[in-house]
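Beneath this line is the structure, given in structure tokens, with notes to follow.
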Amino acid sequence: MIICIGAGPGDVAYLTQRGAELIRNSDVVAGFDAVINVVQSLIPATAQTVLMNYRDQTEQLAQVAIEHHAGKNCVVVFMGDIHFSGFQYLERVERACGHPVETVPGISSAQILASRAKVCFDETTFITFHRRGDLTPFKQHLVHVLQDQRNAIVIPCPWDEARSFMPRHIAAYLLEQGISPDHPTEVWENLTRSEAEWHGTLADCAKQEFSDMSIMLIRTRTPMSSQIEPAMEPLPNAD
């Protein structure tokens with residue numbers, strides 16, 4: 001058996017009960033170092049831990065696949081939710097195993113941000129740049145999202161300098177595309193820890209530096225008005 005588990009945004013308190021149960025009953029627990037550190041307290045002493053990074057993930061997942069095909073209970077732990085920004089990693093797991101695998105969703109940093117910032121996903125579009133490959137279609141999609149007067153929750157790309165697309169790069173790109181510099185913008189870091197939050201405009205953001213542990217909210221300049229029924233008039237005082 002092999003199952004991929006979303007471990008939540010950096011805090012074991014946000015791991016689902018189902019995910020925790022699978023880790024406690026596992027023979028093999030695999031994942032990137034930072035993710036394994038989040039769930040370390042749940043890993044059985046008898047379990048084999050397979051750590052990996054961006055450079056050796058293919059080789060390490062091949063080892064996990066061998067254990068899976070040998071009949072061991074294997075879990076691969078993802079940060080956040082698998083289907084928010086981990087789908088390329090999921091593809092690598094399935095390629096190593098040679099077949100589709102079961103997934104257990106987790107809570108993503110985008111969901112935590114929506115809760116903290118009080119934005120509704122019905123009026124918001126989520127875009128992640130935390131991916132390999134050509135970012136151009138996703139950059140263009142972000143422009144269209146803001147032109148359509150929707151909020152945007154954005155996960156930046158924090159890799160090497162030549163490829164990084166961090167909040168200041170995102171803001172600068174949007175300004176170059178003619179997006180208004182007045183969009184209210186927030187950048188949140190370490191959402192589930194001693195969070196730091198920055199508030200300003202898109203123009204201000206283009207001048208700011210943020211850590212790799214950041215997520216961005218660009219608010220629409222024309223928020224949708226409430227569509228619930230009007231508030232009832234208070235009843236006249238019987239006195």
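What you are looking at is a predicted structure, and each value in this text was computed from that prediction instead of being measured. Numbers here simply count residues along the sequence, with the first being 1.
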**Report entry** Side chains of Arg168 and Cys205 in contact at under 4.5 Å (non-hydrogen atoms)
**Finding:** no
Report task. Begin from the C-alpha positions of Arg219 and Glu186 and carry the test salt bridge (charged side-chain N to carboxylate O under 4.0 Å, His left out) through to its verdict. Result -> CA-CA 8 Å; Arg219 294 183 184 268; Glu186 302 167 25; 2.6 Å; yes
Requested in this report: Return yes if a side-chain donor-acceptor contact under 3.5 Å exists between Ser108 and Asp81, otherwise no.
Outcome: no
Query raised in the report: Just checking, Lys139 and Phe129: is the charged tip under 6.0 Å from the six-membered ring centre and within 45° of the axis?
Result: no
Query raised in the report: Are Ile36 and Val93 connected, step by step, through hydrophobic side chains (Ile, Leu, Val, Met, Phe, Trp, Tyr) whose heavy atoms are closer than 4.5 Å?
Result: yes
Query raised in the report: In terms of hydrophobic clusters joined by side-chain contacts under 4.5 Å, are Val64 and Phe87 together?
Result: no
**Report entry** His99 vs His68 side-chain heavy atoms within contact, under 4.5 Å
**Finding:** yes
Query raised in the report: What's the shortest heavy-atom distance between Phe121 and Ala110, and which atoms?
Result: CZ-O, 3.9 Å
Query raised in the report: Between the side chain of Ser214 and the main-chain N/O of Phe210, is any donor-acceptor distance below 3.5 Å?
Result: no
Query - Spacing of CD belonging to Glu94 relative to CG belonging to Leu61, to within rounding of 0.5 Å - result: 11.5 Å
Query raised in the report: Going from CD1 on Ile179 to CG on Leu174, what distance comes out if it is rounded to the nearest 0.5 angstrom?
Result: 6.0 Å
**Report entry** Minimum side-chain heavy-atom gap Val143-Gln140 below 4.5 Å
**Finding:** no
Query - Carboxylate-amine/guanidinium proximity below 4.0 Å for Glu21 and Arg18 - result: yes
Query - Criterion side chain to side chain contact (heavy atoms under 4.5 Å, CB included) on Ile5 and Val76, from CA distance to verdict - result: CA-CA 6 Å; Ile5 298 171; Val76 182; over 6 Å; no
**Report entry** Verdict with reasoning, Cys4 to Glu102, per side chain to side chain contact (heavy atoms under 4.5 Å, CB included)
**Finding:** CA-CA 6 Å; Cys4 293; Glu102 183 181 346; over 6 Å; no
**Report entry** Shortest non-hydrogen contact from Met52 toward Ala30
**Finding:** CE-CB, 4.0 Å
Requested in this report: Inspect the surroundings of CZ in Arg132 and state if more than 12 heavy atoms from other residues, nucleotides or ligands are less than 6.0 Å away.
Outcome: yes
Report summary line: CG of Leu51 to CD of Gln57, rounded to nearest 0.5 Å, is 13.5 Å
**Report entry** Chi angles and distances behind the ring-ring contact (aromatic ring centres under 6.0 Å, His included) call for Tyr89, Phe32
**Finding:** CA-CA 11 Å; Tyr89 189 34; Phe32 281 62; 5.2 Å; yes
Report task. Using modelled atom types only, decide if a donor and an acceptor are shared between the side chain of Asn25 and the backbone of Leu22 within a distance under 3.5 Å. Result -> no
Requested in this report: If the plane angle is over 60° it's perpendicular, under 30° parallel, otherwise tilted; pick one for Phe165 and Tyr173.
Outcome: perpendicular
Query - Glu59 CD: over 12 foreign heavy atoms closer than 6.0 Å - result: yes
Query raised in the report: Could you give the distance from CZ (Arg24) to CG (Asn73), rounded to the nearest 0.5 Å?
Result: 15.5 Å
Query raised in the report: Looking at side-chain heavy atoms only, is the closest gap between Leu202 and Ser180 below 4.5 Å?
Result: no
Query raised in the report: Do other residues, nucleotides or ligands put more than 12 heavy atoms under 6.0 Å from the CZ atom of Arg95?
Result: no
Query raised in the report: What's the shortest heavy-atom distance between Ile23 and Pro44, and which atoms?
Result: O-CD, 3.3 Å
Requested in this report: Under the salt bridge (charged side-chain N to carboxylate O under 4.0 Å, His left out) rule, what do Glu123 and Arg150 come out as? Steps first, then yes or no, please.
Outcome: CA-CA 6 Å; Glu123 303 165 13; Arg150 291 177 61 81; over 6 Å; no
Requested in this report: Please round to the nearest 0.5 Å and tell me the distance separating atom CD of Gln48 and atom OG1 of Thr46.
Outcome: 11.0 Å
**Report entry** Side chain Thr201, main chain Asp204, donor-acceptor under 3.5 Å
**Finding:** yes
Query raised in the report: Is there a donor in the side chain of Ser211 and an acceptor in the side chain of Glu189, or the other way round, less than 3.5 Å apart?
Result: yes
Query raised in the report: Are Ile218 and Met166 in one and the same hydrophobic cluster, where Ile, Leu, Val, Met, Phe, Trp and Tyr link if side-chain heavy atoms are under 4.5 Å apart?
Result: no
Query - Any Pro158 side-chain heavy atom under 4.5 Å of His130 side chain - result: yes
**Report entry** ILVMFWY cluster, Leu142 and Met216 together (side-chain gap under 4.5 Å)
**Finding:** yes
Query raised in the report: Where do Ile112 and Pro9 come nearest, in terms of heavy atoms and distance?
Result: CG1-CG, 3.7 Å
**Report entry** side chain to side chain contact (heavy atoms under 4.5 Å, CB included) evaluation trace for Ile153 with Thr125
**Finding:** CA-CA 6 Å; Ile153 292 177; Thr125 296; over 6 Å; no
Query raised in the report: What do you reckon, are the aromatic ring centroids of Phe84 and Phe126 less than 6.0 Å apart?
Result: yes
Query raised in the report: Do His141 and Ile127 have side chains that get closer than 4.5 Å, going by heavy atoms?
Result: yes
Query raised in the report: To the nearest 0.5 Å, what is the distance between CG (Leu217) and OG1 (Thr185)?
Result: 8.0 Å
Query - Donor-acceptor pair between Gln149 and Thr220 side chains, under 3.5 angstrom - result: no
Query raised in the report: So do Phe138 and Arg131 actually touch side chain to side chain, heavy atoms under 4.5 Å?
Result: yes
Query - Common cluster, Leu42/Val50, ILVMFWY with side-chain heavy-atom separation under 4.5 Å - result: yes
Query raised in the report: Do Thr103 and Ile3 come close enough that some side-chain heavy atom pair is under 4.5 Å?
Result: no
Query raised in the report: Passes side chain to side chain contact (heavy atoms under 4.5 Å, CB included), Ser109 versus Ile155? Steps please.
Result: CA-CA 9 Å; Ser109 57; Ile155 294 183; 4.0 Å; yes
